Protein chains: 2
Amino acid sequence: MNRERAEELAGTLKALADPTRLQLLSIIATAADGEVCACDFPELLDRSQSTASHHLSQLVAAGILEREQRGKWAWFRLRRDRLAAVAEALRA
Amino acid sequence: MNRERAEELAGTLKALADPTRLQLLSIIATAADGEVCACDFPELLDRSQSTASHHLSQLVAAGILEREQRGKWAWFRLRRDRLAAVAEALRA
DNA sequence: CATTCGTATCGACGGCTGCCAATATGAGTG
DNA sequence: CACTCATATTGGCAGCCGTCGATACGAATG
């Protein structure tokens, strides 16, 4: 693995390597409709609204979540293909 | 996923989420005999001896590498089962 | 246009991390 | 025991990260 690829993969892993963000992903993964409103995370994670927003942004920036604005609410879904790609890289 | 499990998984992912450590793992993964001597890493990684030792320690502590002392040299092997377990957790 | 309310951004703080040079440790050798 | 040499540890520095309160932004609503 060359340095460039290592830095790219490390960037994605960094986004995953936080307990609050893993809980966030788990919440979305088990949600009935596969998506969760941003408004619910502060309570679900027991973190401030700004902290929840920060974590959501990081996961979107890393390509692990996708965000959709519907009316005044923002909804988040997993990008399972990206998670699977990371998992695959670890098996190699 | 409860907080305890999230912190445990995040700990393992933190150990993986560094480009130098990913290169280190890649070097071992592609080594002819599946193992590499600690003495080779400073040159292979282009990092100081203390830095290489530091990264090796972190990966051993995270359970991703196993260390074996043979004579005056230390050899390191991948624990592919642990990598596979992390990969599996990401697919869930 | 003014208000409301969901979300993002800012600023700050403490803690952690990657790196190196220097030094300590500890096993093999004579 | 003394010496060598491979590896680990220490100390220090600069930069990143998780968190919060405060504030700004922006879309729906009246």
Side-chain angles (χ1 to χ4, degrees), chain A residues 1 3-4 6-28 31 35-62 64-77, chain B residues 1 3-28 31 35-77:
Chain A
M1 186 182 322
R3 184 73 185 180
E4 188 181 3
E7 286 177 356
E8 179 188 345
L9 181 53
T12 306
L13 287 168
K14 262 187 213 302
L16 293 170
D18 176 83
T20 301
R21 287 196 286 276
L22 289 176
Q23 287 191 290
L24 196 161
L25 293 176
S26 170
I27 288 167
I28 300 180
E35 57 184 6
V36 178
C37 176
C39 58
D40 290 328
F41 283 114
E43 180 173 2
L44 289 170
L45 297 172
D46 193 26
R47 289 291 182 280
S48 71
Q49 180 268 324
S50 59
T51 296
S53 174
H54 170 66
H55 287 309
L56 287 165
S57 291
Q58 286 206 252
L59 290 168
V60 170
I64 298 165
L65 289 184
E66 55 187 6
R67 183 199 136 111
E68 185 189 349
Q69 186 83 29
R70 286 213 297 274
K72 52 203 308 187
W73 291 278
W75 294 80
F76 293 85
R77 268 190 302 275
Chain B
M1 188 184 316
R3 185 72 186 181
E4 188 180 2
R5 172 63 183 137
E7 285 176 357
E8 179 188 346
L9 181 54
T12 306
L13 288 168
K14 264 188 214 300
L16 294 169
D18 176 84
T20 301
R21 286 196 287 276
L22 289 176
Q23 286 191 290
L24 195 161
L25 294 176
S26 170
I27 288 166
I28 300 179
E35 58 184 6
V36 179
C37 176
C39 58
D40 291 327
F41 283 114
E43 181 173 1
L44 290 170
L45 297 173
D46 192 27
R47 291 289 183 280
S48 72
Q49 180 268 324
S50 60
T51 297
S53 173
H54 170 66
H55 286 309
L56 287 165
S57 291
Q58 286 205 253
L59 289 168
V60 170
I64 298 165
L65 289 184
E66 54 187 7
R67 183 199 136 111
E68 184 188 349
Q69 185 84 28
R70 286 214 296 275
K72 50 203 308 189
W73 291 277
W75 295 80
F76 293 85
R77 268 189 302 274

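Nothing here was measured: the structure is a model prediction, and the numbers come from that model. Below, read A as the first sequence line, B as the second, and so on, with proteins coming before strands; counting in each chain starts at 1.
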Per-nucleotide protein contact string for nucleotides 12-26 of chain D (B base, S sugar-phosphate only, - none; heavy atom under 4.0 Å): ------SBBBB----
Short side-chain N/O contact to C:dA8 OP1/OP2 from A:Arg67, under 4.0 Å: yes
Minimal non-hydrogen separation, A:Ala38 against A:Leu56, with atom names: CB-CD1, 4.1 Å
Bend angle of the helix from C:dC1-D:dG30 to C:dA27-D:dT4, end axes from five pairs each (to 10°): 30°
What is the distance, to the nearest angstrom, from the [atom1] atom on [X] to the [atom2] atom on [N]?
X	N	atom1	atom2	value
A:Leu59	C:dA8	CG	C1'	15 Å
A:Leu13	C:dT17	CG	C1'	16 Å
A:Trp75	C:dG6	CH2	P	13 Å
B:Trp73	C:dT29	CH2	C1'	12 Å
B:Phe41	C:dC19	CZ	P	14 Å
A:Glu43	C:dG6	CD	P	13 Å

Salt bridge flag under 4.0 Å for residues A:Glu68 and A:Arg70: yes
Derivation and outcome, side-chain hydrogen bond (donor to acceptor under 3.5 Å, both in side chains), residues B:Arg3 and A:Thr20: CA-CA 8 Å; B:Arg3 185 72 186 181; A:Thr20 301; 3.1 Å; yes
Check: B:Ser57 side chain, B:Ser53 main-chain N or O, donor-acceptor pair, under 3.5 Å: yes
Heavy-atom donor-acceptor pair, A:Arg21 side chain to A:Ala15 backbone, under 3.5 Å: yes
Residue whose closest nucleotide on DNA chain D lies nearer the 5' end, A:Gln69 versus B:Gln69: B:Gln69
B:Ala38 side-chain proximity, nearest of C:dG6, D:dT7, C:dT9: D:dT7
Distance, nearest 0.5 Å, that separates CD of A:Glu8 from CG of B:Leu22: 11.0 Å
